[in-house]
Each structure stands twice: as structure tokens, then as C-alpha cells.
There are 2 protein chains.
Amino acid sequence: MNMNSNVAKVASLVSEPSRAAILTALLDGRYHTVNELAHMARIKPQTASFHLKKMLDAQVVSAEKQGRHRYYGIMNQEVAQVMESFLSIAPAAEIKSFKHASEDKAIRLARTCYDHLAGNLGVQITESLKRKGFIAEENDTYSVTEEGIAFFHSIQIDLTSLKKKRRSFSHKCLDWSERRHHLAGALGNAILEKFLERNWIQRIPKTRAIQITPQGMKGFKEIFAIDMDRINKNGSHTF
Amino acid sequence: MNMNSNVAKVASLVSEPSRAAILTALLDGRYHTVNELAHMARIKPQTASFHLKKMLDAQVVSAEKQGRHRYYGIMNQEVAQVMESFLSIAPAAEIKSFKHASEDKAIRLARTCYDHLAGNLGVQITESLKRKGFIAEENDTYSVTEEGIAFFHSIQIDLTSLKKKRRSFSHKCLDWSERRHHLAGALGNAILEKFLERNWIQRIPKTRAIQITPQGMKGFKEIFAIDMDRINKNGSHTF
DNA sequence: TAAATATTTCAATTATCATCGAAATATGGA
DNA sequence: TCCATATTTCGATGATAATTGAAATATTTA
């Protein structure tokens, strides 16, 4: 509510080096596990857990559980801004980055999550929809805007029939490889089905990985302004 | 050894009560001595000195030595803004104000400092010149802007001849009664001489104090938008 | 079910830091 | 020169809080 109360809270929490390191790491906007954050801040997981609990209580970070992992992220934009204001007068040293253990690149690039798109492609689609103002973020869900209704109609996705289904229409799903949210629910499923139907993507047998076809590359660029080819080559997944 | 220790360092400066009190005191934009700041923060001078050294290292405050005093002030506007965003919400313990030992009011209002104007009048003139964009602050000096050249010409001060003199053209001088900088150097001297010449001010014999004449009151109001009469009555020197 | 991994809780240790007395240093004034 | 004042440095103390090993809990995988 009050931005100022956050300011005071963050101030007291940032003053400790380990917490500052954790928060700086989280400024990438993504979610990270306790072990990762401990590694980045060069402390043991217990210590990181101790600090994260404090920051969770103070509502400076948010947590989301998924399996045996617990993903932590910056609470909101206000907190990030306070951190940035610090960085403006005390430029931060770089954060020690590390590479993930060798994991399948394909599954990070694009995959299914239950019945919707995930991985870099899933997140990029979601970001594109937000950027173009077709969907808007709510608490745990996305809502479709007036422009969005027209857009989904133009790509032959019928929203009214989707809303009749006995399942969540559209909710946020945390992406483990991207550490950002992507679009899930009936709408997410409809988008996946539509891309498969148009042959923009193909399932790779025996895995959850998705293959982007040449038509897909073209379509994602034209309709969503996403260049998956460039992303693929850059290998934006080492951090 | 933590990577982001600088962020933590700056943040810790605000979150510690004594330092917060000192910084709050300095947010008036003026310079204060160690003893004053210690008194305001209700700590011993040693402790204040300890904190001020830390903040000096972190480039959050600046120091200026003058005789056996050392004046501390906020480093810059950027720091002040960040501090204010914190302190406006969580104000540290109230600052104990105190009156200076009874000192001559006249000498605080207006006096000469070597060969230029000091005291409230000197500072006000300097602030007015800055506000109107006639002079601009450099590191330790003031520079005259394009508009300033025209202005000084209009009041019959010849800048080119001043620059030929073998002395500092225009430098900052810390005012002990106002705790702010005023304009010194050849330009400061020329301004003093001009005011004397126009009979806006008169020297009070045997002291460094300056008397403002009725013409001066009028002139300062018209040309510099300074109401010395009001300032005189309000007695803005108790703090 | 058992083993492996991720995270948290607990308790004990350790490190940090503000504080202030005492003493050193620097400066101004008589 | 001597004395008063302003400030800093040093060293000791005490309070607070970070850290981590050990153990508990939870969850996935085989």
C-alpha cells in the first residue's frame, strides 16, 4: 500500500551484506532457489534461509513453492526501486554468476508445462502479450483486455467457449528455467493447441521438449515480435 | 569480502540510529561541526567522529577544515534525496536544538570576511545569484554564466578586468555563522566594493560587522529578491 | 520403501559494531 | 610559551546479530 513503509523496511534489511547480495541477485526479476541464492551470496543454505525468512516476513521478497524447491523473488516493483536508488549512490559490484549444471538446452528453450507452453518460448509469448496490452496482470492471474479479445479472435481462439470450461481460465505459472511467470490455464492450453495446429511447434517424442518449426520462427516474429532464432544462438541461459 | 558490500555500506549508514540522526541534522543543507552533530545526535564527540569518518569514506558526507573546526555537510543533492526518501518516514530521534552562546547579532547578519561579504547577507546574495542562474557551482569555485556576464555588466562590474588580477577570481568560502558557502575571491570583493560605493551597506567601525542602509534594503529586494528586513526581524539564527 | 535432495529449525559459537574513557594531535588565543 | 578548545585515535567493553553444524521435515526419484 504505502510505498514509504516499504522504503523503511528495505532500508533496514539492505544494510546487511548477505541480504544486500541476495537482493541484488534477485534484481534480475527472476525467481531463485535458496541454494542458488546462498551460492551467489557465498553463504551456507541455512544462513540464506534465515535471511530469506526475515525478508519474507518484511514482505520484501515473495516465495513460491514448487515440489521440493522454494523459489524466492523480489516482492514488487517498489522494492526493486528502493534497491536501485541505493545502487545509484553506491554502484554495485558484479554478482558472481555461475553456470547451471549441464542441462538440456532444448527443454529450456521450449517445453510443455502440463498442457501449456513453458520455457523461454512460453515466457516470451506471455511477455509479448503483456507488452502489447492484450493481457493484464492481476494477482495470480492474467485478464484479457479489450484489445486482447480482438487479438485472440483474429488468431481463431474463442474466449467465450474457454470460459465455460470447468478449469482456471488463465493463471500465472512460475517457469523454473526462466524464473519468470508464464501463462497457464485454459487460455495457455488453447495457445499451445493453436501453435501445434498451425505447425509452428512440434512435440519431441519422449520428452516435454518442444521443437520450433521454420514456420514457427516466422510466425513468432511476425505476430509476437519474438526472434527465437536469435535467442537460440545467443544461449541466454547461462547465468 | 562480500561483492555488494558497498550497497550494504550505504544502506547501513541510514539504518543506524546515530548516523540517521547526524544525517537528518545535515539535511538542512548546512555544515556543522563535530561537537554540534554529537550534541544533536546525543552521543559523545568521539562517537560522532567515528561515524562521520565512516560516512566520509563512503562519500556520503563531505568535510571542510577551517581552523580548529571541521565542518561536515551532505555530499551532494543525490545523496540528500536518497536520505530524505528514507528519513521522511522513519525519522530518527528528534534533534535537540540549541542556541548559540549569545553572540553579536549584527555580525551574524552581515560582515566582511577578508575583503568580501559574509554572514546572512553574503550567503543570501550568493544563493540569489545561483538561483537566478548568474553563477554556477563548480568544485571549489563558482563560474559566471552567459546570463551572469550580462547581469554583472548591468550593475557595472567589469569581469574581464577582474580576471586579470593575480588572485582567485571566484571561490567558495564556508560561512561560520550560516554554515553555507558564500562567494569569495575577486568577484566577491568587487560585489562588496560596489555595494559600499552605492551606499547599500556601511562598515561599522572597529568591527567586521556591516550595516545595511535603507537604500540597501530596497536594492537587495529589487535586484536580488532578498528581504533583509524580514530576516532581521525573524532572527533566523537560533537553531 | 529406501535413498537423495532441498529446505528449515535449533543451538552454540563467532564476528561485528556502537559506545565511551583516556590519551594524542592540532589549532587559536593570551 | 602555556592553556583552552576541537577533533581524532586507541583500546576495552558489551550488546546485537550473523554464521554454521547437526538434526528435523518435506519431497522427489528409484
Side-chain angles (χ1 to χ4, degrees), chain A residues 11-23 31-58 61-73 100-101 103 113-114 174 176 179 207-208, chain B residues 1-23 26 31-58 61-73 92-93 98 100-101 103 113 174 176 179 208:
Chain A
S12 64
L13 290 173
V14 175
S15 64
E16 205 282 320
S18 295
R19 284 192 294 261
I22 290 173
L23 285 171
Y31 288 74
H32 296 273
T33 67
V34 177
N35 268 333
E36 283 170 7
L37 292 169
H39 191 247
M40 293 182 208
R42 296 154 191 274
I43 49 179
K44 293 281 175 288
Q46 307 99 291
T47 313
S49 178
F50 166 77
H51 288 303
L52 286 164
K53 181 175 165 44
K54 270 194 162 180
M55 296 195 277
L56 193 64
D57 292 342
V61 301
S62 65
E64 210 160 307
K65 199 171 181 182
Q66 209 162 93
R68 56 182 160 181
H69 295 282
R70 197 158 180 199
Y71 291 100
Y72 283 95
H100 276 281
E103 287 197 35
C113 174
Y114 307 106
L174 188 55
W176 65 262
R179 310 306 167 88
T207 76
R208 285 162 48 201
Chain B
M1 271 310 169
N2 210 299
M3 296 254 109
N4 301 285
S5 54
N6 13 4
V7 183
K9 201 191 288 173
V10 175
S12 70
L13 296 180
V14 215
S15 62
E16 204 281 319
S18 296
R19 284 190 293 261
I22 290 173
L23 285 169
L26 292 177
Y31 287 75
H32 296 274
T33 67
V34 177
N35 268 334
E36 283 170 7
L37 293 169
H39 193 244
M40 295 182 208
R42 297 156 190 275
I43 48 178
K44 293 279 176 287
Q46 306 100 291
T47 312
S49 178
F50 166 78
H51 288 303
L52 286 165
K53 181 174 163 46
K54 275 195 156 177
M55 294 194 276
L56 194 63
D57 292 342
V61 301
S62 65
E64 209 161 308
K65 200 172 181 182
Q66 208 163 93
R68 55 181 162 182
H69 295 281
R70 197 159 179 198
Y71 291 99
Y72 283 94
F98 62 93
H100 277 281
E103 286 196 37
C113 175
L174 188 56
W176 64 262
R179 309 306 168 88
R208 286 162 48 200

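Fair warning: this is a prediction, and the values are worked out from it, not measured in the lab. Naming: A, B, ... by sequence-line order, numbering from 1 per chain.
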Residue A:V34, side-chain heavy atoms: nucleotide from C:dT8, D:dA18, D:dT20 that is nearest: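 So the nucleotide nearest the side chain must be C:dT8.
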Take atom [atom1] of [X] and atom [atom2] of [N], then tell me their distance rounded to the nearest Å.
| X | N | atom1 | atom2 | value |
| --- | --- | --- | --- | --- |
| B:K9 | C:dA18 | NZ | P | 13 Å |
| B:E36 | D:dA6 | CD | C1' | 12 Å |
| B:H32 | D:dA6 | NE2 | P | 16 Å |
| B:H51 | D:dT7 | NE2 | C1' | 15 Å |
| A:L52 | C:dA6 | CG | C1' | 13 Å |
| B:L37 | C:dT19 | CG | C1' | 17 Å |
| A:I22 | D:dT19 | CD1 | P | 9 Å |
| B:I43 | D:dA6 | CD1 | C1' | 16 Å |

Taking every non-hydrogen atom, the tightest pair across [X] and [Y]:
| X | Y | answer |
| --- | --- | --- |
| A:I43 | A:S18 | CG2-OG, 3.7 Å |
| A:V34 | A:S49 | CG1-N, 4.1 Å |
| A:T33 | A:H69 | CG2-ND1, 3.9 Å |
| B:L26 | B:Y72 | CD2-O, 3.3 Å |
| B:S12 | B:R19 | O-NH2, 3.2 Å |
| B:A63 | B:L56 | N-CD1, 3.8 Å |

Looking at [X], does any N or O in its side chain come under 4.0 Å of the phosphate oxygens OP1/OP2 on [N]?
| X | N | value |
| --- | --- | --- |
| A:H69 | D:dT28 | no |
| A:R70 | C:dT8 | yes |
| B:N35 | D:dT7 | yes |
| A:K54 | D:dA18 | yes |
| A:T47 | D:dT20 | yes |

Please lay out, stage by stage, how A:E16 and A:H51 fare under the test side-chain contact (heavy atoms from CB on, under 4.5 Å). CA-CA 10 Å; A:E16 205 282 320; A:H51 288 303; 3.6 Å; yes
Is there a side-chain contact (heavy atoms from CB on, under 4.5 Å) between B:E64 and B:Y31 once you walk through the steps? CA-CA 9 Å; B:E64 209 161 308; B:Y31 287 75; 4.1 Å; yes
Once base and sugar-phosphate atoms are separated, protein heavy atoms under 4.0 Å mark nucleotides 24-29 of chain C, 5' to 3', with B, S and - as --SBS-
At what distance, to the nearest 0.5 angstrom, does CZ of B:F50 lie from CE of B:M55?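 Answer for the CZ-CE pair, B:F50 versus B:M55, is 10.5 Å.
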Taking atom NE2 of B:H39 and atom NZ of B:K44, what is their separation to the nearest 0.5 Å?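 Interatomic distance, B:H39 NE2 to B:K44 NZ, rounded to 0.5 Å: 9.5 Å.
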Show the distances under 3.5 angstrom between N or O atoms of the protein and N or O atoms of nucleotides 9-14 of chain D.
none

Considering every strand and a 4.0 Å limit on heavy-atom distances, what is the contact class for A:Y72: base, sugar-phosphate, or nothing?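 Sugar-phosphate, no base atom in range.
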